[in-house]
Amino acid sequence: ETGVTQSPTHLIKTRGQQVTLRCSSQSGHNTVSWYQQALGQGPQFIFQYYREEENGRGNFPPRFSGLQFPNYSSELNVNALELDDSALYLCASSLAVAPETQYFGPGTRLLVL
Amino acid sequence: GESVGLHLPTLSVQEGDNSIINCAYSNSASDYFIWYKQESGKGPQFIIDIRSNMDKRQGQRVTVLLNKTVKHLSLQIAATQPGDSAVYFCAEIHYNQGGKLIFGQGTELSVKP
């Protein structure tokens with residue numbers, strides 16, 4: 001186990017709703033990255049947070065937003081949910097100076113109906 | 001665009017045989033490469049990594065080979081076991097892009113007893 005936890009494990013929403021996903025970092029890690037993994041695909045980078053600020057963003061619209069808290073835990077918020085947002089959402093924690101050591105949580109499976 | 005691709009989507013091997021999973025990448029400026037194993041319902045798990053200035057790295061039963069001339073990466077698993085059955089992803093990191101991971105689509109390894 002990596003020490004990275006995510007909640008909830010599964011979630012069902014309807015189009016247009018909003019969702020908040022949570023991630024607790026591995027102890028000592030100060031950076032959190034979020035990834036979206038569609039079925040049968042590799043994870044796609046959404047954004048990264050370091051020192052409570054966004055530190056890089058992938059090709060995702062502004063309705064995907066995030067937060068990082070002083071204890072390095074993080075939230076991913078998605079507004080105006082679309083059917084294509086159905087995916088496994090993964091968070092990974094790391095040290096900013098060692099991005100190659102990203103440890104992944106188990107993910108949150110989101111289904112948008 | 002950014003891409004790390006895989007040659008084969010599925011690979012079936014006999015228990016005890018060696019497995020080779022291949023990956024092609026497009027960005028010659030990548031600094032680091034990582035192989036991840038993802039079992040059903042879990043997040044990606046780190047297997048082995050290699051820096052761009054290396055050609056080969058060995059771990060326990062796994063070896064990663066990097067051929068920068070043809071931008072090719074491979075993962076070799078010795079004496080494949082049923083517990084090795086999973087989806088395997090290669091990923092690359094560009095340090096000047098904040099350390100985000102760029103994943104390929106994955107290869108599903110199935111080990112027959």
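In what follows, every chain begins at residue 1, and chains take the letters A, B, ... in the order their sequences are listed. It should be emphasised that the depicted structure is a prediction, and the values quoted were computed from it without experimental measurement.
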Distance, nearest 0.5 Å, that separates CZ of B/Phe33 from CD of A/Glu100: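 It comes to 13.0 Å.
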So CZ of A/Arg57 and NZ of B/Lys100: to nearest 0.5 Å the spacing works out to 12.0 Å
Minimum heavy-atom distance A/Leu90-B/Pro44, with the two atoms named: CD1-CD, 3.7 Å
Is the [atom1] atom of [X] crowded by more than 12 outside heavy atoms at less than 6.0 Å?
X        : atom1 : value
B/Lys68  : NZ    : yes
A/Leu113 : CG    : yes
A/Arg63  : CZ    : yes

Is [X] in contact with chain B via its backbone, its side chain, both, or neither, using a 4.5 Å heavy-atom distance?
X       : answer
A/Gln6  : neither
A/Tyr35 : side chain
A/Gln48 : side chain

Determine, using the 4.5 Å side-chain heavy-atom cutoff (strictly less than), whether [X] and [Y] are members of one ILVMFWY cluster.
X       : Y       : value
B/Ile77 : B/Ile48 : yes
B/Leu11 : B/Ile47 : yes
B/Ile34 : B/Leu65 : no
A/Leu88 : B/Phe46 : yes

Compare all side-chain heavy atoms of B/Tyr36 with those of A/Pro43 and state whether any distance is below 4.5 angstrom. no
Do the side chains of B/Leu101 and A/Ser33 get nearer than 4.5 Å, heavy atoms only? no
Using modelled atom types and a 3.5 Å cut-off, is there a donor and acceptor pairing between side-chain atoms of A/Gln102 and backbone atoms of B/Gly99?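 A pair under 3.5 Å: yes.
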Please classify the contact between B/Gln45 and chain A as side chain, backbone, both or neither, with a heavy-atom cut-off of under 4.5 Å.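 Contact with chain A involves no heavy atom of B/Gln45 at all.
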